[in-house]
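Written below as structure tokens is the structure these notes are about.
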Amino acid sequence: MKSLVRLGAILGIVGCTLVGPSPIGKMSALALPEPQILEKLRSVPVFTITDAQGAPLIASVPKQGQGQTGNASVAGIFISQKDAQAFVDQLKTRNPQLAASVRVMPVSLGEIYQITQANKGKPEEVQFAFVSGSAAGAVGKNCTSADWSTS
């Protein structure tokens with residue numbers, strides 16, 4: 001009786017080991033097609049800082065990482081309009097001339113996604129930094145450490 005239970009346990013373990021991974025290996029990842037992603041993201045408002053023509057305020061910051069040289073172009077995307085306005089208010093004290101020519105603009109997260117996908121891998125790729133909450137104040141306080149411009 002013990003040997004029968006032991007044999008059943010061994011066969012069960014061996015069977016699970018051999019058969020178990022095969023269905024998992026055949027499963028593919030399920031992802032939304034790009035049109036559905038855009039449809040869902042279009043309804044999400046975010047805010048950015050732009051000039052009068054609607055061009056985003058872009059910071060030129062040193063690239064970070066091992067073996068990285070040069071500067072990266074980064075545009076701030078704010079989750080809250082209040083945070084974006086707080087950034088502009090900080091900019092008014094640090095760089096009044098630039099602050100006089102910029103404004104907070106709502107954009108769709110879908111637009112940001114499309115721009116990111118279109119520019120992926122290009123040498124002059126603009127990266128987006130998503131800013132929320134207290135991080136907005138920190139960015140505003142350090143706005144003189146970057147070279148800000150509108151393009």
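Being a predicted model, the structure only gives us computed values, none of them experimental.
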Drop me the distance from [X]'s [atom1] to [Y]'s [atom2], to the nearest 0.5 angstrom.
| X | Y | atom1 | atom2 | answer |
| --- | --- | --- | --- | --- |
| S101 | N95 | OG | CG | 8.5 Å |
| I58 | T50 | CD1 | OG1 | 11.5 Å |
| K40 | L32 | NZ | CG | 6.5 Å |

**Message:** Out of the candidates T48, L91, V74, only one should pair with L57 under the side-chain contact (heavy atoms from CB on, under 4.5 Å) rule; please name it.
**Reply:** L91

**Request:** Check the hydrophobic clustering (I, L, V, M, F, W, Y; side-chain heavy atoms under 4.5 Å; chains of links allowed) and say if V88 and M105 are grouped together.
**Result:** no

Considering all heavy atoms of both residues, which atom of [X] and which atom of [Y] are nearest to each other, and what is their separation?
| X | Y | answer |
| --- | --- | --- |
| F47 | S80 | CD1-C, 3.7 Å |
| I49 | A84 | CD1-O, 3.7 Å |
| E125 | K120 | OE2-CA, 4.0 Å |
| R103 | D51 | NE-O, 3.7 Å |

**Asked** Given F78, which of F130, F128, F87 fulfils the ring-ring contact (aromatic ring centres under 6.0 Å, His included) condition?
**Response** F87

Could you pull out every donor-acceptor pair under 3.5 Å between side chains of residues 107-115 and any protein atom, sequence neighbours left out?
unit_1, atom_1, unit_2, atom_2, d
S108, OG, R42, O, 3.3
S108, OG, G110, N, 2.9

**Asked** Under the side-chain contact (heavy atoms from CB on, under 4.5 Å) test, which residues partner P33, sequence neighbours left out?
**Response** P35, Q36

**Request:** Kindly write out the residues that satisfy side-chain hydrogen bond (donor to acceptor under 3.5 Å, both in side chains) with Q85, not counting sequence neighbours, or none if the list is empty.
**Result:** D89

